[in-house]
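Everything below concerns the one structure shown next.
Only this structure's heavy atoms are used, side chains among them; waters, hydrogens and symmetry mates stay out. In this chain, numbering begins with 1 at the start of the sequence shown.
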Amino acid sequence: MAELFTIGHSTHPMDGFIGLLKMHGITAVADVRSDPYSRYNPQFTRENLQSELKQNGIAYVFLGKELGPRTDDPGCYEKGKVRYDRLARTRLFQEGLNRVRQGMASYRIALMCSAHDPVTCHRTILVCRHLRDKGMRIRHILENGALEENDAAIKRLMGMLKLPESDLFTCPEQMIERAYDIQSEKIAYVQNLDAAS
């Protein structure tokens, strides 16, 4: 079964972050941040991260244009807020998913963003939502190095949202989709419309 990982760089020191990747045999990092720079954690700026990973024998690819939570496509916005459902249907996003799938044939990939908790990050709520299928196992590398299966993460999200696993009128898969939709609405990027005007 194909296996995909995700990780949040959070506030890790670089050596700690690389240690987590090595602990799980990661050979490539796919950066899915729209803006691969960090004011608060400058060790994770794109160029520095790429250099550090290379020194440790880990490949780096930037996929923020394809799989990032922000987009230049105005059709993906409603009242200044990104709609993940629209973003997921774009050609660019689908190309990004295909690049990940193809890359998995040669690399052990971790999708990387900044948030430490996978259920508060688009890497899970947007990207993994559209990569999950019966032929793929998705696992999240947590801050302490433990792994959380994607199904367990979504079950945890449903608990946070106080959603039952199913009810009289809704099957489990529909309830999972509802959880994704609710969390998408909570975390989606909102344009600063004042700055734009």
Side-chain angles (χ1 to χ4, degrees), residues 1-10 14 17-18 20-38 44-77 82-116 118-142 147-151 153-154 177 180 183-184 187-189:
M1 178 180 286
E3 202 168 29
L4 178 69
F5 296 81
T6 85
I7 191 167
H9 70 63
S10 186
M14 183 59 73
F17 177 74
I18 289 174
L20 289 172
L21 296 174
K22 287 184 172 181
M23 179 189 300
H24 297 292
I26 302 302
T27 60
V29 168
D31 188 344
V32 296
R33 298 174 294 174
S34 291
D35 184 10
Y37 298 95
S38 178
F44 292 106
T45 60
R46 179 180 180 172
E47 294 77 12
N48 188 57
L49 177 61
Q50 187 170 16
S51 172
E52 292 282 346
L53 291 172
K54 185 176 182 180
Q55 290 173 39
N56 284 276
I58 300 171
Y60 171 89
V61 64
F62 177 66
L63 290 179
K65 271 284 193 216
E66 296 90 341
L67 299 178
R70 302 178 201 168
T71 176
D72 296 330
D73 183 343
C76 292
Y77 288 84
V82 171
R83 292 291 310 268
Y84 281 0
D85 57 334
R86 295 180 191 174
L87 181 54
R89 288 193 297 266
T90 64
R91 179 188 54 78
L92 198 59
F93 186 84
Q94 292 300 319
E95 286 173 5
L97 296 183
N98 287 332
R99 286 186 68 188
V100 170
R101 288 185 189 105
Q102 289 165 5
M104 288 172 65
S106 305
Y107 295 94
R108 192 166 164 94
I109 297 173
L111 303 179
M112 187 207 78
C113 201
S114 57
H116 71 92
V119 301
T120 64
C121 183
H122 88 286
R123 70 180 184 269
T124 301
I125 304 304
L126 173 61
V127 182
C128 290
R129 178 181 189 175
H130 296 283
L131 280 171
R132 67 191 181 100
D133 62 39
K134 290 182 176 66
M136 186 182 300
R137 182 180 191 185
I138 300 172
R139 305 168 90 190
H140 306 288
I141 302 171
L142 304 180
L147 292 174
E148 182 178 37
E149 299 288 340
N150 192 63
D151 289 348
I154 298 309
E177 293 299 326
Y180 276 117
Q183 192 70 344
S184 295
I187 69 170
Y189 171 71

request  = Taking the side chain as every heavy atom from C-beta outward, state whether Leu147 and Phe5 have any pair of such atoms under 4.5 Å apart.
outcome  = yes
query = If you take all heavy atoms of Ser34 and Phe62, which pair is closest and at what distance?
reply = O-CZ, 3.7 Å
message = Tell me the closest heavy-atom pair linking Gly68 and Leu126, and the distance in Å.
response = O-CD2, 4.3 Å
remark   = On a heavy-atom basis, the closest approach of Pro69 and Val82 is O-CG2, 3.6 Å
inquiry  = Taking Tyr77's backbone N and O only, do any of them form a donor-acceptor pair with Arg86's side chain (distance below 3.5 Å, no angle check)?
reply    = yes
task = Sorted by first residue and then second, give each side-chain hydrogen bond (donor to acceptor under 3.5 Å, both in side chains) pair with at least one member in residues 60-75; sequence neighbours left out.
result = Asp31-Tyr60, Lys65-Asp72, Glu66-Arg99
request  = Please list, chain by chain and in numerical order, all residues satisfying salt bridge (Lys or Arg N to Asp or Glu O under 4.0 Å) with Arg108, sequence neighbours excluded.
outcome  = Glu3
Pair Gln102-Tyr107, side-chain hydrogen bond (donor to acceptor under 3.5 Å, both in side chains): steps then yes or no = CA-CA 9 Å; Gln102 289 165 5; Tyr107 295 94; over 6 Å; no
query = How far apart are the C-alpha atoms of Val127 and Leu97, what are their side-chain angles, what is the distance that settles it, and do they pass the side chain to side chain contact (heavy atoms under 4.5 Å, CB included) test?
reply = CA-CA 8 Å; Val127 182; Leu97 296 183; 4.1 Å; yes
query = CG of Asp35 to OH of Tyr189: how many Å apart, nearest 0.5 Å?
reply = 9.5 Å
request  = Report the C-alpha distance between Met112 and Arg123 in whole Å, list the side-chain angles of each, state the deciding distance to 0.1 Å, and finish with yes or no for side chain to side chain contact (heavy atoms under 4.5 Å, CB included).
outcome  = CA-CA 7 Å; Met112 187 207 78; Arg123 70 180 184 269; over 6 Å; no
message = My understanding is that only residues two or more places apart in sequence, or in another chain, count here; which of them pass side-chain hydrogen bond (donor to acceptor under 3.5 Å, both in side chains) with Glu148?
response = Arg156
message = Does any part of the side chain of Glu95, heavy atoms only, come nearer than 4.5 Å to the side chain of Thr90, both counted from C-beta?
response = no
message = Just so I know, are the side chains of His130 and Gln94 near enough to count as touching, which here means a heavy-atom distance under 4.5 Å?
response = no
task = Carefully, step by step, assess Ile141 and Ile26 under the rule side chain to side chain contact (heavy atoms under 4.5 Å, CB included).
result = CA-CA 11 Å; Ile141 302 171; Ile26 302 302; 4.2 Å; yes
inquiry  = Just to verify, what does Cys128 make a side-chain contact (heavy atoms from CB on, under 4.5 Å) with, not counting sequence neighbours?
reply    = Thr6, Leu111, Ile138, His140, Asn150
message = Restricting to side-chain contact (heavy atoms from CB on, under 4.5 Å), what partner residues turn up for Ile187, sequence neighbours left out?
response = Tyr84, Ile125, Gln183
ask   = Once you round to the nearest 0.5 Å, how far does CG of Leu4 lie from CE of Met136?
value = 6.0 Å
inquiry  = Do Phe93 and Leu67 have side chains that approach each other closer than 4.5 Å (heavy atoms only, starting at C-beta)?
reply    = yes
ask   = Just checking, any donor-acceptor pair under 3.5 angstrom between side chains of Gln55 and Ser51?
value = yes
Trace of the side chain to side chain contact (heavy atoms under 4.5 Å, CB included) decision for Gln50 with Leu53 = CA-CA 5 Å; Gln50 187 170 16; Leu53 291 172; 6.0 Å; no
key: Within residues 48-58 or reaching into it, pairs that qualify as salt bridge (Lys or Arg N to Asp or Glu O under 4.0 Å) - sequence neighbours excluded   = none
task = Could you tell me the separation between the CG atom of Leu49 and the OH atom of Tyr37, rounded to the nearest 0.5 Å?
result = 11.0 Å
query = Should the pair Phe44 and His9 be assigned to parallel (<30°), tilted (30 to 60°) or perpendicular (>60°) ring geometry?
reply = parallel
request  = Check for a donor-acceptor pair, side chain of His122 on one end and backbone N or O of Val32 on the other, with a separation under 3.5 Å.
outcome  = yes
request  = Return the minimal non-hydrogen interatomic distance between Ala115 and Thr120, and the atom names on each side.
outcome  = CB-OG1, 4.0 Å
ask   = Would Arg132 and Glu149 pass as an ion pair if we require N to O under 4.0 Å?
value = no
